[in-house]
Number of protein chains: 2
Amino acid sequence: MTRVLVVDDEPQIARALRINLAARGYDVLVAHTGRSALDLAADNRPDLVLLDLGLPDLDGVDVITGLRGWNPVPIIVLSAGTDSTRKVAALDAGADDYVTKPFGMDELLARLRAALRRSTHLPGGEPVVEAEAFTVDLTAKRVHRDGAEVHLTPTEWGILEILVRNPGHLIAQRRLLTEVWGPTYTAETHYLRVYLAQLRRKLERDPAHPRHLITEPGMGYRFQP
Amino acid sequence: MTRVLVVDDEPQIARALRINLAARGYDVLVAHTGRSALDLAADNRPDLVLLDLGLPDLDGVDVITGLRGWNPVPIIVLSAGTDSTRKVAALDAGADDYVTKPFGMDELLARLRAALRRSTHLPGGEPVVEAEAFTVDLTAKRVHRDGAEVHLTPTEWGILEILVRNPGHLIAQRRLLTEVWGPTYTAETHYLRVYLAQLRRKLERDPAHPRHLITEPGMGYRFQP
DNA sequence: GCCGGGCCTGACGCCGTCTTGACGACGCCA
DNA sequence: TGGCGTCGTCAAGACGGCGTCAGGCCCGGC
């Protein structure tokens with residue numbers, strides 16, 4: 001059955017979408033925040049994502065890039081705004097379509113069918129990411145280092161998960177802080193230094209010269225597979 | 001080069017599309033009727049079709065099915081009507097996207113990029129800008145020179161990103177300064193000279209005679225792909 | 001109540017980056 | 001031809017970010 005993840009913080013809209021989609025035979029998951037959307041997507045591997053941009057916790061474009069880093073799932077953006085630059089940003093970040101509210105349900109369903117039709121349903125990336133020295137299982141939330149399991153604290157996992165889901169991509173300090181600690185934490189770069197050091201001590205063969213958890217001074221961090 | 005087939009019977013709209021697309025580096029073909037569109041598509045194998053539904057000879061949906069029968073090329077429909085059933089019919093016939101007039105050119109270009117990204121680069125395309133001597137990955141924030149990765153400082157990256165996102169266009173010194181250093185920096189052109197020299201040293205084969213990072217004396221700088 | 005893990009905070013030294021200044025080359029114009 | 005402004009280059013110092021370590025706080029388990 002085709003599984004659709006609906007991300008919207010307004011309960012009545014989420015409810016209307018859920019009912020309409022379920023009536024058409026789709027299997028529907030609902031998330032009300034960006035963070036839970038990323039978690040649900042990792043755990044349930046939906047076939048399509050319907051994403052409202054006005055989320056309370058994360059910026060919608062960050063949700064798109066967070067999904068796109070590891071998952072080619074089609075994304076249809078719903079938004080109340082008619083702001084053209086926002087449309088362009090969302091589409092260039094990896095969204096497949098952009099529908100402005102209010103929209104007709106018929107049209108939305110047609111766009112959904114179109115998006116599903118061209119998603120060739122390639123097997124998709126495995127939920128386990130490998131580096132030379134360690135492996136990360138994103139669905140089981142487990143990390144192994146040289147065969148043995150490594151225990152990570154929730155904060156350590158939060159950071160590592162974001163980096164690993166965007167392999168090779170630079171993640172800004174600000175994004176790590178807002179996604180792990182919350183939207184109000186934008187300046188506490190010291191936290192990142194401490195936790196990156198801990199992660200490197202647990203995962204890297206030579207923590208003083210990391211090969212996978214790379215610092216880009218002044219900009220952010222990068223996971224190098 | 002990416003080839004786009006524009007199908008529109010209104011000459012001024014077809015002309016505007018042709019000019020805008022050609023300015024972005026696309027190879028543009030134009031058809032004014034449905035029949036000539038099908039012929040041109042068969043002969044030239046375009047990478048994308050921009051299709052107006054109000055054609056004089058054939059119904060737009062028939063053009064879509066006529067193309068889809070043998071060709072998986074992405075189709076973006078342009079239409080003046082807001083008729084919902086027409087949208088649904090076009091999308092279900094095989095169109096990939098549906099844009100109602102009047103539309104912003106920025107948005108159309110973004111939808112066009114999204115459609116091309118899906119068709120060519122299934123595992124989530126990466127907008128990589130290429131020059132003869134180096135490549136710039138805008139989403140991963142990485143730069144390679146002759147295969148090897150080049151490390152850029154935040155300021156260097158800020159300047160290069162603006163130039164590369166506007167290939168071929170002259171960027172005023174004032175704009176570079178205000179976007180990289182802040183709104184109060186408008187006279188420190190010396191900074192630009194220092195950092196452009198650094199960028200050229202890192203990226204150009206012959207830094208004394210740059211081929212891609214060009215100075216326009218008294219005005220600004222330009223990235224030449 | 002005791003203990004331990006997880007999180008936050010502060011201090012310190014190091015190193016890369018930014019800023020600033022000086023100088024020569026070049027083109028333009030009087 | 002001389003003056004002027006812009007540009008490119010180099011070097012040196014100031015500055016701030018980074019990694020590291022250690023200590024204190026909070027909270028849940030025993």
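Every heavy atom of this structure was used, including side-chain atoms; hydrogens, water molecules and symmetry mates were not. In what follows, every chain begins at residue 1, and chains take the letters A, B, ... in the order their sequences are listed.
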Which pairs of donor and acceptor atoms, one on a side chain in residues 209-225 of chain B, lie under 3.5 Å apart (sequence neighbours left out)?
{"from": "B:His209", "atom 1": "ND1", "to": "B:Asp206", "atom 2": "OD2", "distance (Å)": "2.9"}
{"from": "B:Arg211", "atom 1": "NH1", "to": "B:Glu132", "atom 2": "OE1", "distance (Å)": "3.2"}
{"from": "B:His212", "atom 1": "NE2", "to": "B:Glu132", "atom 2": "N", "distance (Å)": "3.2"}
{"from": "B:Thr215", "atom 1": "OG1", "to": "B:Arg200", "atom 2": "NH2", "distance (Å)": "2.6"}
{"from": "B:Glu216", "atom 1": "OE2", "to": "B:Arg222", "atom 2": "NE", "distance (Å)": "2.9"}
{"from": "B:Glu216", "atom 1": "OE2", "to": "B:Arg222", "atom 2": "NH2", "distance (Å)": "2.8"}
{"from": "B:Arg222", "atom 1": "NH1", "to": "B:Gly168", "atom 2": "O", "distance (Å)": "2.8"}

Would you check if the side chain of [X] reaches a backbone N or O of [Y] as a donor-acceptor pair within less than 3.5 Å?
| X | Y | answer |
| --- | --- | --- |
| B:Asp96 | B:Ile76 | no |
| A:Glu156 | A:Thr153 | yes |
| B:Arg3 | B:Asn44 | yes |
| B:Arg111 | A:Tyr98 | yes |

Which ones in [range] lie close to DNA chain C, meaning a heavy atom under 4.0 Å from one of its atoms?
| range | value |
| --- | --- |
| residues 141-160 of chain A | A:His151, A:Thr153, A:Pro154, A:Thr155 |
| residues 201-225 of chain B | none |
| residues 163-182 of chain B | B:Trp181 |
| residues 183-192 of chain A | A:His190, A:Tyr191 |

Residue A:Arg145 excluded, over 12 heavy atoms near CZ under 6.0 Å: yes
Residues in side chain to side chain donor-acceptor pair (under 3.5 Å) contact with A:Thr85, at least two apart in sequence or another chain: A:Asp83
Give me the atom names and distance for the closest heavy-atom approach of [X] to [Y].
| X | Y | value |
| --- | --- | --- |
| A:Gly147 | A:His144 | O-ND1, 3.7 Å |
| A:Thr2 | A:Leu116 | CG2-CD1, 3.8 Å |
| A:Ala95 | A:Ile64 | N-CG2, 3.8 Å |

Check against side chain to side chain contact (heavy atoms under 4.5 Å, CB included), A:Leu5 and A:Val49: CA-CA 5 Å; A:Leu5 171 60; A:Val49 176; 4.3 Å; yes
Tabulate protein N/O versus nucleotide N/O from nucleotides 26-30 of chain C, keeping only pairs under 3.5 Å, one per line.
none

Contacts under 3.5 angstrom, residues 7-21 of chain A side chains, donor-acceptor by atom type, not counting sequence neighbours:
{"from": "A:Asp8", "atom 1": "OD1", "to": "A:Glu10", "atom 2": "N", "distance (Å)": "3.0"}
{"from": "A:Asn20", "atom 1": "OD1", "to": "A:Arg24", "atom 2": "NH1", "distance (Å)": "3.2"}
{"from": "A:Asn20", "atom 1": "ND2", "to": "A:Ala16", "atom 2": "O", "distance (Å)": "3.0"}

query: Do the non-hydrogen side-chain atoms of B:Leu112 and B:Tyr26 ever get within less than 4.5 Å of each other?
result: yes
message: Does any part of the side chain of A:Leu152, heavy atoms only, come nearer than 4.5 Å to the side chain of A:Lys202, both counted from C-beta?
response: yes
- prompt: Is the shortest distance from a Lys or Arg side-chain nitrogen in B:Asp106 or A:Lys87 to a carboxylate oxygen in the other one below 4.0 Å?
  reply: no
Scan the side chains in residues 52-62 of chain A for donor-acceptor partners under 3.5 Å anywhere in the protein, sequence neighbours excluded, and list what turns up.
{"from": "A:Asp52", "atom 1": "OD1", "to": "A:Gly54", "atom 2": "N", "distance (Å)": "2.7"}
{"from": "A:Asp52", "atom 1": "OD2", "to": "A:Lys101", "atom 2": "NZ", "distance (Å)": "2.5"}
{"from": "A:Asp57", "atom 1": "OD1", "to": "A:Gly34", "atom 2": "N", "distance (Å)": "2.9"}
{"from": "A:Asp57", "atom 1": "OD2", "to": "A:Gly34", "atom 2": "N", "distance (Å)": "3.3"}
{"from": "A:Asp57", "atom 1": "OD2", "to": "A:Arg35", "atom 2": "N", "distance (Å)": "3.1"}
{"from": "A:Asp59", "atom 1": "OD2", "to": "A:Val61", "atom 2": "N", "distance (Å)": "3.4"}

message: Less than 3.5 Å apart, any donor N or O on the side chain of B:Thr139 or B:Asp137 sitting next to an acceptor on the other?
response: yes
message: I need the full list of side chain to side chain donor-acceptor pair (under 3.5 Å) pairs touching residues 159-169 of chain B, with sequence neighbours left out, sorted by first then second residue.
response: B:Trp157-B:Glu161, B:Glu161-B:Arg165
task: Any chance you could lay out the side chain to side chain contact (heavy atoms under 4.5 Å, CB included) test for A:Leu78 and A:Phe103, step after step, and finish with the verdict?
output: CA-CA 9 Å; A:Leu78 310 174; A:Phe103 50 80; 4.0 Å; yes
query: Using the C1' atoms of the five pairs at each end, what is the angle between the end axes of the helix from C:dG1-D:dC30 to C:dA30-D:dT1, to 10°?
result: 30°
Matching residue for A:Leu199 among A:Val194, A:Val143, A:Leu160 - test: side-chain contact (heavy atoms from CB on, under 4.5 Å): A:Leu160
Covered region of DNA chain D, 5' end to 3' end, by chain A [heavy atoms, under 4.0 Å]: D:dG17 to D:dT20
message: Expressed as a whole number of angstroms, how long is the span from A:Arg193:CZ to C:dC8:P?
response: 14 Å
